[in-house]
Amino acid sequence: MEFRLIERIRELTEQPRDDVRIGIGDDAAVLAVPAGQELVVAIDTLVAGVHFPHDTAAADIGWKALAVNLSDLAAMGASPAWALLAMTLPGADSAFVEAFADGFSQLAKPHRLALVGGDTTRGPLTISVAVHGFVPPGQAIRRDGARVGDAVLVTGTLGDAAAGLQALQYPSKDDGPRAGLRDFLIQRLNRPTPRLAAGAALRKQASACIDVSDGLLADLGHICAASGVGAEIEAVKLPRSSALLELHDDATALHFALHGGDDYELCFTVPASRLAGVQADLARLGCGVTRIGRIVEGEGVGVVGSDGTRLELDQRGWEHFA
Ligand code: ADP
Ligand code: MG
């Protein structure tokens, strides 16, 4: 039975690549790293009930398990190539595996990512994906390169996934236009878009980069800590979707944008001399980008309100804040 499941996963995720010398089916995969490239690797685990609600659709879990990993490659400026998939399943549920592999490959295919192996075991639903990608030597974008005076930018919009989670937790019988807005936010939670093209365009441009998985304040805080600097961001500049703004008042939308996790947008810093070029490059890729503040001396992330004064915020995020 397990063999048939693995065979189905192999079929559904089929992606021919010359650099995969041996893929699924042997004791281990054999992969050829292209000459003159560095290998960039990341792994992330999603546990049912912790990282996604128990009733999440299998296809969404498949997409998201890969997306969160590709987002880590995007934040490094790496181009994806291969993945490993470790599945712990409560039972040999072929319908689940089929839908999961379908969601996974919907994201893998456009990036020509090959699933080259994995592991399948029985237990509480848990999915680990490891991804492998490449960057030219020395060009991976790190967290520790932000310098005083750099601009701070983010791709896309912030707070949608957290609002999507809230929409799932407090279902509404609304079936007017608001239902469409809620669906958009839930989609942002379940089907995040890893910003791979943007990340690659930021190589040799951004001084530091991170993906927003734990919330803007927390993740920009990681850049600041690694770089030995502080950051000041302007609340009014935080990019928020019209769905978020229509369904929530200003204070709540701001809260989601600052503290909400799971958006998988990129937050990065750019020296002033390269700012216009970077904004033009990302616009050409069709990737929304917003300048939200600047790197300053000191430590931690400060948020300035519309009247120019610093907001008093609890940086520990959602639970504590609530
Ligand atoms: P072994 O006991 O030697 O580890 P497995 O039965 O775990 O063998 O795996 C057989 C083959 O199937 C290996 O190539 C492995 O990488 C692949 N594989 C197992 N589970 C998965 C999975 N969930 N997704 C992709 N490949 C898998
Ligand atoms: Mg094994």
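Read the numbers this way: they start at 1 and go in the same order the structure lists the ligands and their atoms.
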ask   = Looking only at distance, does Ile9 have an N or O less than 3.5 Å from an N or O of ligand 1?
value = no
key: Atom indices of ligand 1, in the order listed, that fall short of 4.0 Å to a heavy atom of Asp27   = 3 (O)
query = Linking I/L/V/M/F/W/Y whenever their side-chain heavy atoms sit closer than 4.5 Å, directly or via other members, would Leu245 and Phe184 fall into one cluster?
reply = no
key: Contacting atoms of ligand 1, where contact means under 4.0 angstrom from a heavy atom of Ile24   = 12 (O), 14 (O), 17 (C), 25 (C), 26 (N)
ask   = Taking distance alone, with no angle check, do Gly25 and ligand 1 share an N/O pair under 3.5 Å?
value = yes
task = Determine the sole option in Arg188, His51, Lys64 for which the side-chain contact (heavy atoms from CB on, under 4.5 Å) test with Asp262 is passed.
result = Lys64
message = Could you tell me if Ser213 and Asp211 have a donor-acceptor pair between their side chains, going purely by distance under 3.5 Å?
response = no
query = Can you list the ligand 1 atoms lying under 4.0 Å from a non-hydrogen atom of Met87?
reply = 23 (N)
query = Does Trp63 have any ring pair (Phe, Tyr, Trp, His ring centres under 6.0 Å) partners at least two apart in sequence or in another chain, and if so, which?
reply = none
ask   = Taking atom types as modelled and ignoring hydrogens, do the side chains of Asp144 and Ser227 form a donor-acceptor contact shorter than 3.5 angstrom?
value = no
query = Relative to the heavy atoms of Asp119, which atoms of ligand 1 are at a distance of less than 4.0 Å?
reply = 7 (O), 19 (C), 20 (N), 21 (C), 22 (C), 23 (N)
request  = Would you mind telling me which of Thr269, Val270, Leu202 makes a side-chain contact (heavy atoms from CB on, under 4.5 Å) with Ser207?
outcome  = Thr269
request  = Provide the number and element of each atom of ligand 1 under 4.0 Å from a heavy atom of Leu115.
outcome  = 25 (C)
inquiry  = Need the ligand 1 atom indices (1-based, order shown) with element for anything under 4.0 Å from a heavy-atom of Gly117.
reply    = 16 (O), 25 (C), 26 (N), 27 (C)
